[in-house]
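This one's a predicted model, so the numbers in the text were calculated from it and none came from an experiment.
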Amino acid sequence: MTQDARRLVVGVTGATGSLYAVRLLQALRGVPDVESHLVVSSAGVLNIKHELGMTRQALHDMADRVYSVRDVGAALASGAFPTAGMVIAPCSMRTLAAVAHGLSDNLITRAADVTLKERRRLVMLVRETPYNLAHLRNMTAVTEMGGIVFPPLPAFYFRPQSIEEMVDHTVARVLEMFDIPVAGPRWEGAD
């Protein structure tokens, strides 16, 4: 990594959809001026193993830097550590609630809190349906604080042929929010 690399924090929590985290980290590997900083909750590790058959180490190997979720004294916990922002993918409703209420009880929620207080971009790929009123209120609270609630809903207009294509499309859209261009289908308008 160069001195001029932008840092993007990636939080992985226990919601279903761990493939989004993996494909996001893989996409970032192809961007030379972006450095990925990964934090994974214990439930996130369980989902990676259950959904993808991956080990914690295999996920860690995809990131440039890795932090323990318990290390609330890490660089990510300070606004003095410049980043382009943070993506939580997937984002559990527990993590959404903690961020919505300012409960910085682990490094993921603390890094999200720092991202919001520094007015940096926070994108949360919330994964739970159907939503109950608490979910909706927490989404509203995070949105009012400047965060972006981004349920990873598939787009069908480009006629995806696989789950991976749907995931990659969502990942490309998320990374565009940080001005990180990656290959992927784009809507060009109706013919």
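The minimum heavy-atom distance between Leu116 and Gly147, with the atom names listed, is CD2-N, 3.6 Å. Among all heavy-atom pairs drawn from Pro90 and Thr16, the shortest one is CB-O, 3.4 Å. Nearest approach of Tyr20 to Ala89, heavy atoms of both residues: CB-CB, 4.4 Å. Considering all non-hydrogen atoms of both residues, Val69 and Val40 come closest at CB-O, 3.5 Å. Of all non-hydrogen atoms in Ala63 and Leu38, the two that sit nearest each other are CB-CB, 3.6 Å. Closest non-hydrogen pair, Val114 versus Ala77, comes out as CG2-O, 3.4 Å.
Residue-environment remark: NE2 (His50) stays at or below the threshold of 12 foreign heavy atoms within 6.0 Å.
Placement of Val34 and Val174 within a single hydrophobic cluster is found when ILVMFWY residues are connected by side-chain heavy-atom separations under 4.5 Å, directly or transitively. If you chain together hydrophobic residues whose side chains sit under 4.5 Å apart, Val66 and Leu59 fall into the same group. Hydrophobic clustering (ILVMFWY, side-chain heavy atoms < 4.5 Å, transitive): Val12 and Met177 are in one cluster. The hydrophobic clustering, which links ILVMFWY residues whose side-chain heavy atoms are closer than 4.5 Å, places Val167 and Phe156 together. Placement of Val87 and Met93 in two distinct hydrophobic clusters is found when ILVMFWY residues are connected by side-chain heavy-atom separations under 4.5 Å, directly or transitively.
A donor-acceptor pair is defined here as one N or O able to donate and one able to accept, closer than 3.5 Å; no such pair exists between the side chain of Ser92 and the backbone of Thr13. Not a single donor-acceptor pair under 3.5 Å links the side chain of Ser78 to the backbone N or O of Ala75. Proximity of a side-chain donor or acceptor of His169 to a complementary backbone N or O of Met166 within less than 3.5 Å is not detected. Without hydrogens or angle criteria, Asn138 side chain to Ala134 main chain gives a donor-acceptor distance under 3.5 Å. A donor-acceptor pair under 3.5 Å is formed between the side chain of Ser36 and the backbone N or O of Asp64. Judged by distance alone, the side chain of Asn47 and the main-chain N or O of Gly14 form a donor-acceptor pair under 3.5 Å. A donor-acceptor pair is defined here as one N or O able to donate and one able to accept, closer than 3.5 Å; such a pair exists between the side chain of Arg29 and the backbone of Met62. In terms of modelled atom types and a separation under 3.5 Å, the side chain of Glu128 and the main chain of Ala15 share no donor-acceptor contact.
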message = If you apply the rule side chain to side chain contact (heavy atoms under 4.5 Å, CB included), what do you find for Thr170 with Leu125, and how did you get there?
response = CA-CA 10 Å; Thr170 296; Leu125 278 71; 4.2 Å; yes

task = Apply side chain to side chain contact (heavy atoms under 4.5 Å, CB included) to Leu96 and Met139, showing your working.
result = CA-CA 7 Å; Leu96 172 69; Met139 289 182 211; 3.7 Å; yes

task = Could you walk me through whether Arg6 and Ile180 pass side chain to side chain contact (heavy atoms under 4.5 Å, CB included), step by step?
result = CA-CA 10 Å; Arg6 293 180 290 162; Ile180 301 172; 3.7 Å; yes

request  = For the pair His60 and Thr55, evaluate side chain to side chain contact (heavy atoms under 4.5 Å, CB included) and give the outcome as yes or no after the intermediate values.
outcome  = CA-CA 9 Å; His60 287 184; Thr55 64; over 6 Å; no

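In this pair, His37 and Tyr67 present their aromatic rings parallel. The plane angle is below 30°, not in the 30 to 60° band.
Interatomic distance, Leu24 CG to Leu8 CG, rounded to the nearest 0.5 Å: 6.5 Å. With values rounded to the nearest 0.5 angstrom, Ser42 atom OG is found 9.0 Å from Asn106 atom CG. Rounding to the nearest 0.5 angstrom, the gap separating the OG1 atom in Thr140 from the CG atom in Leu133 is 9.0 Å. Atom OG1 of Thr109 sits about 6.0 Å away from atom CZ of Arg94, to the nearest 0.5 Å. Between the CD1 atom of Ile48 and the CG atom of Leu19 there is a distance of 8.5 Å, given to the nearest 0.5 Å. Atom CE of Met145 and atom CG of Asp113 lie 8.5 Å apart (nearest 0.5 Å).
The cationic group of Arg173 does not satisfy the cation-pi geometry with Phe150, failing either the under 6.0 Å distance to the six-membered ring centre or the 45° limit from the ring axis.
Between Arg121 and Asp179 there is no salt bridge, since none of the side-chain N atoms of the basic residue sits less than 4.0 Å from a carboxylate O of the acidic one.
Counting only heavy atoms from C-beta outward, the side chains of Leu28 and Leu175 approach each other to under 4.5 Å. Between Thr95 and Ile88, some side-chain heavy-atom pair lies under the 4.5 Å cut-off.
Judged purely by distance below 3.5 Å, without hydrogens or angles, the side chains of Gln26 and Arg23 pair a donor atom with an acceptor atom.
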